[in-house]
Amino acid sequence: MNSRRKTIFLVDDDLTNLAIGKKALSSTYSVFTIDSGEAMLEMLEDITPDMILLDVNMPEMDGCEVIQRLKDNENTAHIPVIFLTALSDEDMELKGLSLGAIDYITKPFSAPLLLKRLEVHLLVEAQKRELVSQKHELLLFNNSLEQMVEEKTETVVELKNAILSTMAELVEYRDEITGGHIVRTQKYIKALISAMRKEGVYSDEVSKLDDELVLQSCQLHDVGKIAVKDHILNKPGKLTAEEFESIKTHTTFGESVILRLKAKTTDSDFLEYARIFAVSHHEKWDGSGYPKKQKGEEIPLLGRIMAIGDVYDALVERRPYKDAYSHKKSTGIILEGRGSHFDPLLTDLFDKINHEFEKISAEVEG
């Protein structure tokens with residue numbers, strides 16, 4: 001087993017930030033602190049890091065120019081880059097993401113969050129390399145080895161699901177939800193769809209669903225939060241009108257990310273389910289939701305299902321802006337939303353199986 005410590009380049013023209021970052025990371029990683037983009041490019045001639053933490057705003061050569069140089073060089077294009085920024089400059093951050101950065105972290109650093117973000121991203125990169133290796137191996141097998149091909153294909157699917165779960169967990173860590181939300185909402189949706197099949201609720205639409213793909217794709221319902229500022233996601237008090245507008249963009253940003261993926265793959269059913277979950281889970285039955293203010297059955301069925309699971313989980317779990325509510329209080333709030341926030345038929349169904357939601361919430365800790 002390879003136990004080599006991962007190598008991290010920390011690039012920032014501020015010596016204080018370099019010292020703080022190195023202190024936070026050195027117990028886990030081999031950290032090289034570098035005070036300019038030019039110096040980092042020179043160091044790459046001798047050392048290839050597993051990850052680069054790159055300041056956006058540096059004199060002479062800024063982060064965007066540095067990452068452009070990295071991506072233009074086939075020897076360095078594969079190195080994952082996370083941007084560091086102390087500014088609220090969405091245009092710069094979006095430009096960085098479009099140039100190939102995989103994430104951005106706001107300064108000053110939170111040591112536990114910095115370590116967790118690195119851990120998750122390094123895991124994703126390792127799984128991506130393993131996936132490439134597995135695919136290469138598959139190409140070497142001939143058609144007569146059908147059983148071996150089937151086994152390897154199953155491994156690839158497992159890796160795909162592991163990467164998907166890890167990416168979803170990364171979004172959870174953005175807003176300091178330390179785990180459980182994705183798993184719980186999957187189980188809530190599974191319980192609702194199972195009850196819909198049993199009770200004949202929206203039977204025509206439900207009969208056309210691929211349950212396995214639905215449960216995989218629902219993990220991406222909050223993927224758009226990657227574009228929302230940390231201080232807004234983690235704000236303990238009430239959001240301002242401007243901050244709430246920023247939060248609301250996670251639905252349309254998530255949809256746009258999934259549509260870009262959809263344009264590059266033939267896995268259209270899975271991604272179409274994911275798109276629907278991302279863009280419609282905050283719509284409300286009476287048309288007062290967002291982003292499209294759809295009303296009634298204009299809202300896709302998957303969005304109406306997720307609305308119940310997502311809101312229930314937000315109620316029974318602690319959030320930066322509230323303590324956890326009891327199952328009884330949370331169920332009451334859902335039922336009060338019948339015909340205004342939630343689909344009446346689905347709300348009645350939830351009422352029948354709310355004990356299953358309570359059990360899931362208790363079993364899957366956050």
Side-chain angles (χ1 to χ4, degrees), residues 90 93-94 97-98 102-104 120 124 160-161 163-175 177 179-190 192-193 205 208-230 232-233 244-285 287-295 297-314 319 341-343 346:
E90 292 186 1
E93 288 161 2
L94 288 174
L97 292 171
S98 68
I102 59 174
D103 198 0
Y104 64 85
V120 172
V124 170
K160 169 189 169 184
N161 291 338
I163 292 171
L164 179 62
S165 297
T166 304
M167 291 298 292
E169 288 172 3
L170 174 61
V171 176
E172 287 189 322
Y173 289 120
R174 289 291 318 283
D175 56 4
I177 301 173
H181 174 69
I182 296 297
V183 175
R184 286 190 300 272
T185 51
Q186 277 184 305
K187 290 181 178 292
Y188 298 147
I189 288 170
K190 183 177 181 180
L192 276 172
I193 291 178
E205 290 185 75
K208 298 173 185 177
L209 296 177
D210 183 321
D211 288 7
E212 182 178 357
L213 292 184
V214 166
L215 295 177
Q216 289 177 359
S217 64
C218 73
Q219 297 178 87
L220 296 178
H221 70 277
D222 274 338
V223 70
K225 284 185 177 179
I226 199 72
V228 180
K229 298 288 187 179
D230 288 349
I232 296 177
L233 287 176
F244 184 56
E245 288 302 313
S246 179
I247 284 283
K248 288 163 64 174
T249 64
H250 82 273
T251 55
T252 51
F253 187 84
E255 180 183 40
S256 68
V257 168
I258 293 167
L259 285 174
R260 287 198 294 271
L261 290 173
K262 193 175 179 182
K264 299 177 181 179
T265 182
T266 59
D267 197 358
S268 58
D269 289 342
F270 165 78
L271 290 173
E272 178 59 15
Y273 288 155
R275 183 195 68 80
I276 292 170
F277 278 124
V279 76
S280 65
H281 67 285
H282 283 291
E283 298 289 357
K284 295 183 179 180
W285 185 258
S288 65
Y290 63 86
K292 298 180 180 180
K293 297 189 178 300
Q294 292 174 314
K295 185 176 182 180
E297 292 188 19
E298 292 176 356
I299 306 167
L301 179 61
L302 293 181
R304 280 140 50 203
I305 295 171
M306 176 58 83
I308 292 177
D310 194 47
V311 170
Y312 176 83
D313 198 62
R319 292 294 185 265
H341 191 151
F342 306 109
D343 181 322
L346 296 182

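Hydrogens, waters and symmetry mates play no part in the numbers below; they use all other heavy atoms, side chains included.
Nearest heavy-atom pair, Cys218 versus Leu215, reported as atom, atom and distance to 0.1 Å: SG-O, 3.3 Å. Annotation for Lys284 and Ile299: closest pair O-CD1, 3.3 Å, computed over non-hydrogen atoms. Closest approach of Gly254 and Val223 over heavy atoms only: CA-CG1, 3.8 Å. Across all their heavy atoms, Lys293 and Gly287 have their closest contact at CB-O, 3.4 Å. Closest approach of Asp210 and Tyr273 over heavy atoms only: N-OH, 3.1 Å. Between Ala274 and Leu220, the closest heavy-atom pair is CB-CD1, 4.1 Å.
For the salt bridge (charged side-chain N to carboxylate O under 4.0 Å, His left out) condition, the pairs that include at least one residue of residues 305-314, sequence neighbours left out, are Arg184-Asp313, Asp313-Arg319.
For NZ of Lys248, the number of neighbouring non-hydrogen atoms (other residues, nucleotides, ligands) closer than 6.0 Å is greater than 12.
The OG1 atom of Thr251 lies 10.0 Å from the CG atom of Asp222; values are rounded to the nearest 0.5 Å. Here CZ of Arg304 is found 9.5 Å from OG of Ser280. Values are rounded to the nearest 0.5 Å. Note that NZ of Lys208 and CG of Leu301 are 11.5 Å apart. Values are rounded to the nearest 0.5 Å. Here Leu302 contributes atom CG and Glu205 contributes atom CD; the two are 8.5 Å apart, rounded to the nearest 0.5 Å. Taking CD1 from Ile276 and CD from Glu283, the interatomic distance works out to 12.5 Å, rounded to the nearest 0.5 Å. Considering CD1 of Ile193 and CD1 of Ile305, their distance stands at 4.5 Å, rounded to 0.5 Å.
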Candidate pair Val279 and Ile258, rule side chain to side chain contact (heavy atoms under 4.5 Å, CB included), full reasoning: CA-CA 10 Å; Val279 76; Ile258 293 167; over 6 Å; no
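Proximity of Glu212 to Gln216: side-chain heavy atoms (C-beta onward) are separated by under 4.5 Å at one or more points. Under the 4.5 Å side-chain criterion, counting only non-hydrogen atoms from C-beta, Trp285 is not in contact with Leu346. Looking only at side-chain heavy atoms (C-beta outward), His181 and His221 come within less than 4.5 Å of each other.
For Arg275, the salt bridge (charged side-chain N to carboxylate O under 4.0 Å, His left out) test picks out Glu255, Glu272, with sequence neighbours left out. Partners of His282 by ring pair (Phe, Tyr, Trp, His ring centres under 6.0 Å), not counting sequence neighbours, listed by chain and number: His250, Tyr290.
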